[in-house]
2 protein chains.
Amino acid sequence: MKKNSTTIYDIARALEVSASTVSRALRNHQDISAEVTEKVKKMAKKMKYKPNTLAQNLKERKTKVIGVIIPEIIHHFNMSVLNGIEEVAFRKGYHIMVTKTNESYQREVMNADSLAGQVDGLLVCLSQETKKYDHFRTFKQQEIPLVFFERVAEKVAGHRVVMNDEAIAFTLTEHLIKSGYQRIAILTGGDHLNTCRSRIKGYREAISRYGMTPDESLIVKTGMSFQEGRVGFQKVMSMEQKPDAIFATGEQIALAVYSETKKMGLHIGSQLGLAAFSCDPLLALLEPSVTGLGQKGFEMGSMAAQLCINEIENENKSTKSRAETLSNELIIRKSSLKTSADTLVVSSYSSFLSGKNSDESLVYIY
Amino acid sequence: MKKNSTTIYDIARALEVSASTVSRALRNHQDISAEVTEKVKKMAKKMKYKPNTLAQNLKERKTKVIGVIIPEIIHHFNMSVLNGIEEVAFRKGYHIMVTKTNESYQREVMNADSLAGQVDGLLVCLSQETKKYDHFRTFKQQEIPLVFFERVAEKVAGHRVVMNDEAIAFTLTEHLIKSGYQRIAILTGGDHLNTCRSRIKGYREAISRYGMTPDESLIVKTGMSFQEGRVGFQKVMSMEQKPDAIFATGEQIALAVYSETKKMGLHIGSQLGLAAFSCDPLLALLEPSVTGLGQKGFEMGSMAAQLCINEIENENKSTKSRAETLSNELIIRKSSLKTSADTLVVSSYSSFLSGKNSDESLVYIY
DNA sequence: TTTTTTTATGCAACCGATTGCGGTTTCGAT
DNA sequence: ATCGAAACCGCAATCGGTTGCATAAAAAAA
């Protein structure tokens with residue numbers, strides 16, 4: 001690259017001034033007279049000068065690039081987040097380097113290591129496998145801002161942007177209960193993921209709050225992927241006491257349940273309730289439509305990018321780790337209603353976290 | 001960034017050798033004795049040395065980064081492509097810098113300019129607005145490999161990876177005709193896009209081949225976005241002579257048609273045929289399911305990345321622009337069948353390009 | 001022992017832009 | 001005419017790693 005490009009030295013030679021003068025002129029340094037400045041700029045344009053970003057990076061010790069690590073690309077929520085990140089980055093003059101882990105811890109480590117040298121900040125959504133966080137230490141040492149989103153490392157210093165997982169899970173479960181379902185299974189991933197842990201917690205809270213008998217065998221932690229979701233679903237559906245509703249804690253799981261159910265000929269809603277912790281708008285297009293969440297991916301991504309860039313550009317080192325929680329809303333559709341009511345009612349359940357959290361999860365009936 | 005990191009000079013000082021020796025030792029240069037090499041490597045590990053990528057980039061005049069420009073991120077096909085790109089890039093030791101244009105020419109220019117200085121290669125899917133290609137000249141001048149995919153610039157030197165648009169469009173239209181639809185509208189974008197041009201051509205070919213009367217008013221070029229697709233759909237549906245089938249030339253258009261149709265209460269298939277030039281697997285989940293294409297996004301992305309990296313690493317300048325065409329298959333589902341046949345028949349139409357193109361578009365009935 | 005080769009290492013330039021510091025010129029003030 | 005202060009500009013170092021060339025030391029040949 002940069003085969004035939006002109007440098008400040010070329011301009012300097014052409015104008016018989018020094019390279020430093022050219023450099024200063026191009027940056028509007030006041031030491032350089034107006035006429036020289038103009039002369040330099042004119043020549044720069046004439047010679048199609050483009051500053052060598054690589055040299056600037058080395059000198060300035062920064063790249064105007066933020067790294068992104070996500071588990072999967074083919075994933076609507078991740079895409080939305082990425083979209084938000086890109087949008088903010090673009091407006092702020094940054095580029096994004098995107099890597100995916102395929103939910104593999106090992107690949108996450110490789111990505112983190114390889115990005116370490118060339119980004120000014122890093123945005124991460126942890127892989128499903130990740131239980132150790134040493135690969136992020138480099139960033140703290142080098143004072144590279146680190147922002148986790150969605151799946152966060154609580155033990156690592158760094159900003160965090162998450163959803164109100166516990167409250168939403170509570171509301172969602174509460175809704176299923178109020179819809180008349182008696183045996184609600186939750187399909188989710190490992191306890192080490194904050195998302196799964198919180199969602200399970202909210203689920204448990206609702207179950208016990210409404211005096212239902214908790215059944216540990218209904219909490220199935222097979223994983224967040226499509227395949228793993230299917231496995232979990234098959235597992236609960238082969239129990240002697242089958243569940244009558246499913247809480248799918250991720251969009252891939254929801255899709256797995258949905259397609260499996262269709263294959264089995266079960267009618268979603270009347271025969272098996274389904275509610276998903278998913279922002280995918282596709283849920284509204286399915287027939288029957290699936291209860292899910294509002295779309296907060298873009299917001300999460302832009303907030304994460306914003307936090308990151310702020311810390312990059314703020315010279316004050318006083319930036320403590322901030323933990324941002326996005327509220328979200330439950331959008332009720334046919335899949336979680338036993339009777340497909342033609343008349344749609346709008347109501348609102350209060351969030352179960354009475355004092356602590358005032359942003360109650362709104363509930364729309366569609 | 002790179003606040004407290006050790007350099008080769010630190011290692012050199014600790015070992016009382018020169019920096020060049022350290023550099024060479026770390027790269028296994030044969031001039032350095034085995035013992036010194038080992039000593040250096042041991043010390044490097046001990047001091048947690050990581051080479052400064054920025055300095056290497058400047059020196060080597062390359063970055064091991066390939067830029068990607070796509071119109072939209074929230075777009076299944078684009079993400080499939082991106083997924084393929086990332087996968088190949090990762091395996092080859094490259095990073096990807098992802099930018100999106102939001103279908104804006106201006107933003108495409110900005111992205112191209114800003115990427116020019118810091119990538120070893122560039123992968124581009126043109127924006128819908130783009131009609132001038134000057135912003136890609138820099139890359140040719142600097143000999144930075146350029147690969148277009150999906151929407152390509154035919155006038156610009158660079159590799160191209162496309163689908164067999166014309167043949168697929170022919171097959172798809174042919175299928176609608178054979179299904180018994182009489183008035184087939186095609187919703188698409190501007191003629192300057194190779195994709196639209198080829199798809200329209202295939203459509204026209206099929207219409208005339210089967211002796212139907214072509215009607216220019218059925219060729220609606222409102223654009224490829226969801227909103228534009230909806231506009232186009234509303235336009236044809238408000239004609240005095242409505243179409244009885246729609247050929248949606250993109251996934252966003254297909255979704256627009258699908259959701260509008262549902263709103264109108266029209267039954268897709270029996271009342272209005274629909275076939276989409278789209279790889280989105282969601283089409284299979286909808287009810288009625290929508291006729292579309294096989295998933296070739298990953299393949300397109302990995303091929304594009306492969307071409308790009310090959311050219312980056314091949315020193316022989318003899319790399320002529322290669323144009324790769326991916327074949328694809330039509331997957332027939334309920335939306336393009338007037339009667340929802342319970343018995344599914346598998347057949348195969350021959351590609352209309354008899355001699356020239358032997359990869360006929362396979363047709364599955366689902 | 002002397003000369004030639006081989007082996008191993010260091011010096012310094014380079015990639016291109018930035019910037020502290022010092023030097024020269026200009027010009028008004030004394 | 002002399003001095004001091006702006007106003008302008010260039011030298012050289014720096015960022016960290018790489019590499020051609022020279023050199024020194026060790027080994028081999030004479």
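Residue numbering restarts at 1 for every chain, and letters A, B, ... go by the order of the sequence lines.
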Visitor: Report the distance from atom CD1 of B/Ile32 to atom P of C/dT7, rounded to the nearest whole Å.
Guide: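 It works out to 14 Å between those atoms.
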Visitor: Would a 4.5 Å heavy-atom cut-off, applied to side chains only, mark A/Phe148 and A/Leu126 as touching?
Guide: yes
Visitor: A/Arg13 has an atom CZ; how far is it from atom C1' of D/dG10, in whole Å?
Guide: 16 Å
Visitor: With a 4.0 Å cut-off, would you call B/Arg322 and B/Glu324 a salt bridge?
Guide: yes
Visitor: If you define the side chain from C-beta out and look only at heavy atoms, does anything of B/Val81 sit under 4.5 Å from B/Cys125?
Guide: no
Visitor: Between B/Glu16 and A/Tyr49, just flag the one whose closest nucleotide in DNA chain C comes earlier from the 5' side.
Guide: B/Glu16
Visitor: Check nucleotides 19-22 of chain D for protein N or O atoms closer than 3.5 Å to its own N or O atoms and list the pairs.
Guide:
from: D/dT19; atom 1: OP2; to: B/Arg27; atom 2: NH1; distance (Å): 3.1
from: D/dG20; atom 1: O6; to: B/Arg24; atom 2: NH1; distance (Å): 3.3
from: D/dG20; atom 1: O6; to: B/Arg24; atom 2: NH2; distance (Å): 2.8

Visitor: Distance check needed: C/dA17 P versus B/Gln118 CD, whole Å only.
Guide: 14 Å
Visitor: Please find out if less than 6.0 Å separates the ring center of A/Phe149 from that of A/His159.
Guide: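 For A/Phe149 and A/His159, the ring centres are not under 6.0 Å apart.
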Visitor: Check the distance between D/dG17's P and A/Leu54's CG and give it to me in whole angstrom.
Guide: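 After rounding, the gap between these two atoms is 15 Å.
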Visitor: Calculate the interatomic distance between B/Lys62 atom NZ and D/dG17 atom C1'; express it in whole Å.
Guide: 15 Å
Visitor: What's the angle between the local helix axes at either end of the helix from C/dT5-D/dA26 to C/dT30-D/dA1, using five pairs per end and rounding to 10 degrees?
Guide: 70°
Visitor: Not counting sequence neighbours, list each pair that qualifies as a side chain to side chain donor-acceptor pair (under 3.5 Å) and has a residue in residues 30-49 of chain B.
Guide: B/Asn28-B/Lys41
Visitor: Salt bridge or not for A/Glu87 and B/Lys100, using N-O below 4.0 Å?
Guide: yes
Visitor: Under the salt bridge (Lys or Arg N to Asp or Glu O under 4.0 Å) rule, collect the residues that match up with B/Lys296, sequence neighbours excluded.
Guide: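 By the salt bridge (Lys or Arg N to Asp or Glu O under 4.0 Å) rule, B/Lys296 matches B/Glu299.
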Visitor: What is the separation between atom CD1 on B/Ile11 and atom P on C/dG10, rounded to the nearest whole Å?
Guide: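 About 14 Å, once rounded to whole Å.
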Visitor: Just to verify, what does B/Glu60 make a salt bridge (Lys or Arg N to Asp or Glu O under 4.0 Å) with, not counting sequence neighbours?
Guide: none
Visitor: What is the distance from OH of A/Tyr9 to P of D/dA12, rounded to the nearest Å?
Guide: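 Rounded to the whole Å, the gap is 13 Å.
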Visitor: Can you tell me how far C1' of C/dT18 sits from NE2 of A/His29, to the nearest Å?
Guide: 10 Å
Visitor: Going by the rule salt bridge (Lys or Arg N to Asp or Glu O under 4.0 Å), which residues pair with A/Glu108 if we only count those two or more places apart in sequence or in a different chain?
Guide: none
Visitor: Using a 4.0 Å heavy-atom cut-off across all strands, classify B/Val22 as base, sugar-phosphate, or nothing.
Guide: nothing
Visitor: Return no unless some side-chain N or O of B/Ser18 is found under 4.0 Å from OP1 or OP2 of C/dG10.
Guide: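 True: B/Ser18 side-chain N/O within range (under 4.0 Å) of C/dG10 OP1/OP2.
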Visitor: Hey, which sits more toward the 5' end of DNA chain C by its nearest nucleotide, B/Ala55 or A/Gln56?
Guide: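 This one resolves to B/Ala55.
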